[in-house]
Amino acid sequence: MDLQKFESKKKIITALNNTIYGAIGEQKVETVLKKLSDDYILINDFCYSFATPIKYNGDFIKSIQIDHLLISQAGIFIIETKNWSNRSFDNLELRSPVQQILRTNYALFKLLDDSVQKHNWNFSRQHWGNRKIPIKNIIVFINNAPKEQYQFIKILRLGELISYIQYFNSNFTINETESIANYLLNLSQHNEVISKLSM
C-alpha cells in the first residue's frame, strides 16, 4: 500500500516538475520575442476548439494549443517551446513535438484558408490571385536540442530564434498583418496577448 502511495506521489511530482519547466521555458521564449520590433504581434497560449473536428491523418483534430503564435509581415510562426533534459528525448511517453506541430500547422492552415474566403480579405496582387499566408513551424529547445533536423520544421536553440525569424522577407503590408492578427486574437480563447502593432 505504501508503495502505491509513493508511486502516486512520484507521478504527481513529476507532472508538476514538467509543468514548471515548461512554464519557465515559455517565459524565456516570450522574453526573447519581446525584443522584436513593433512590426510583430505575439499571442501566447493560443487555444482554439473546432465546432466540427478536422480530419487529419486518419484522426480528428478537436482543438489546438500553441505556446506562441507570432504574426508578422513575413507570415505566421508557430513556436513550440521545449525545456527538456537529454533523457526526455528518448522518453516514449512524451508526445512527439514534431507530430504535434505538424498537426497544429494543418489545423491553423485550414482555419485561415476558410477565413480568407469568408471574410473576403483582399490579399491579391495584380491579377494573379490571393496569396497564401505562410505558416512556419519552429520548435525552440531551451537547454538541450536534438541533433536531427525534421521536414517542414525548424529546430532551434533559444539564441537562434530572433535571427531566424528576421531572416524572412515581408509578404504583407502592416494593414494586412493587422487583419490576420485581429482575426486570430478574436479566435484565441485565452487571449494572453502581447500586441506590438497599433491596432
Side-chain angles (χ1 to χ4, degrees), residues 16-48 64-89 91 94-105 107-109 112 133-174 176-178 180-185 187-199:
L16 282 172
N17 281 341
N18 290 341
T19 301
I20 291 166
Y21 288 133
I24 290 169
E26 288 175 25
Q27 184 60 51
K28 287 183 177 182
V29 169
E30 182 182 328
T31 299
V32 167
L33 291 173
K34 284 181 181 178
K35 296 176 183 175
L36 288 165
S37 75
D38 291 344
D39 296 337
Y40 294 85
I41 298 170
L42 176 61
I43 305 173
N44 291 306
D45 196 20
F46 175 89
C47 294
Y48 183 77
I64 55 173
Q65 184 278 329
I66 303 170
D67 292 342
H68 312 282
L69 194 60
L70 186 68
I71 302 105
S72 74
Q73 289 178 260
I76 296 173
F77 297 89
I78 296 174
I79 304 170
E80 288 298 326
T81 302
K82 298 299 173 195
N83 193 5
W84 284 6
S85 66
N86 282 328
R87 281 193 349 229
S88 299
F89 296 122
N91 186 342
L94 291 175
R95 185 175 177 192
S96 162
V98 170
Q99 295 306 316
Q100 176 188 358
I101 205 165
L102 290 174
R103 176 184 179 276
T104 301
N105 178 294
L108 189 62
F109 165 78
L112 287 168
I133 302 172
I135 303 174
K136 296 167 183 61
N137 306 312
I138 302 172
I139 304 174
V140 179
F141 285 88
I142 303 303
N143 295 314
N144 307 290
K147 294 180 178 131
E148 301 85 7
Q149 290 295 317
Y150 297 89
Q151 198 170 25
F152 310 119
I153 294 166
K154 190 66 177 175
I155 304 285
L156 297 172
R157 292 181 184 273
L158 188 58
E160 302 169 318
L161 182 57
I162 294 293
S163 58
Y164 178 77
I165 288 168
Q166 291 176 330
Y167 169 80
F168 295 95
N169 294 323
S170 296
N171 290 318
F172 296 95
T173 66
I174 288 177
E176 290 169 337
T177 305
E178 286 181 356
I180 297 166
N182 280 328
Y183 175 72
L184 291 171
L185 286 169
L187 287 183
S188 180
Q189 292 164 343
H190 282 189
N191 275 327
E192 184 191 332
V193 176
I194 297 169
S195 176
K196 292 191 163 192
L197 289 174
S198 54
M199 300 175 73

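By convention here, the first residue in the shown sequence is residue 1.
- With rounding to the nearest 0.5 angstrom, the OG1 atom of Thr177 is 4.5 Å from the CD atom of Gln73.
- Considering all non-hydrogen atoms of both residues, Ile142 and Lys28 come closest at CG2-CD, 3.8 Å.
- Contact detail for His68 and Leu42: the closest heavy-atom pair is CB-CD1, 3.9 Å.
- Looking at Val140, Asn44, Asp67 one by one, the single match for side-chain contact (heavy atoms from CB on, under 4.5 Å) with Val29 turns out to be Val140.
- Across all non-hydrogen atoms, the minimal contact from Gln65 to Glu80 is O-OE2, 3.6 Å.
- With rounding to the nearest 0.5 angstrom, the OG1 atom of Thr81 is 8.5 Å from the CG atom of Leu158.
- Screening Leu102, Ile153, Asn137, Ile64 for a side-chain contact (heavy atoms from CB on, under 4.5 Å) with Ile78, the sole residue that qualifies is Asn137.
- A pairwise comparison of heavy atoms in Ser188 and Asp45 identifies OG-O, 4.3 Å as the closest pair.
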Donor-acceptor pairs are to be reported for all side-chain atoms of residues 160-170 against protein atoms at under 3.5 Å, with residues two or more places apart or in another chain.
unit_1, atom_1, unit_2, atom_2, d
Glu160, OE1, Arg157, N, 2.7
Ser163, OG, Glu160, O, 3.2

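- Note that CG of Leu108 and CD1 of Ile135 are 4.0 Å apart. Values are rounded to the nearest 0.5 Å.
- Atom CD of Gln151 is surrounded by 12 or fewer heavy atoms from other residues, nucleotides or ligands within 6.0 Å.
- To the nearest 0.5 Å, atom NZ of residue Lys35 and atom OH of residue Tyr40 are 15.0 Å apart.
- If you take CG on Leu184 and CG on Leu112, they are separated by 5.5 Å, rounding to the nearest 0.5 Å.
- Annotation: cation-pi geometry satisfied between Lys136 and Phe77 (NZ/CZ under 6.0 angstrom from ring centroid, within 45° of ring axis).
- If you take CD1 on Ile180 and CD1 on Ile76, they are separated by 5.5 Å, rounding to the nearest 0.5 Å.
- Ala74 and Pro134 get closest at one heavy-atom pair: O-CG, 3.7 Å.
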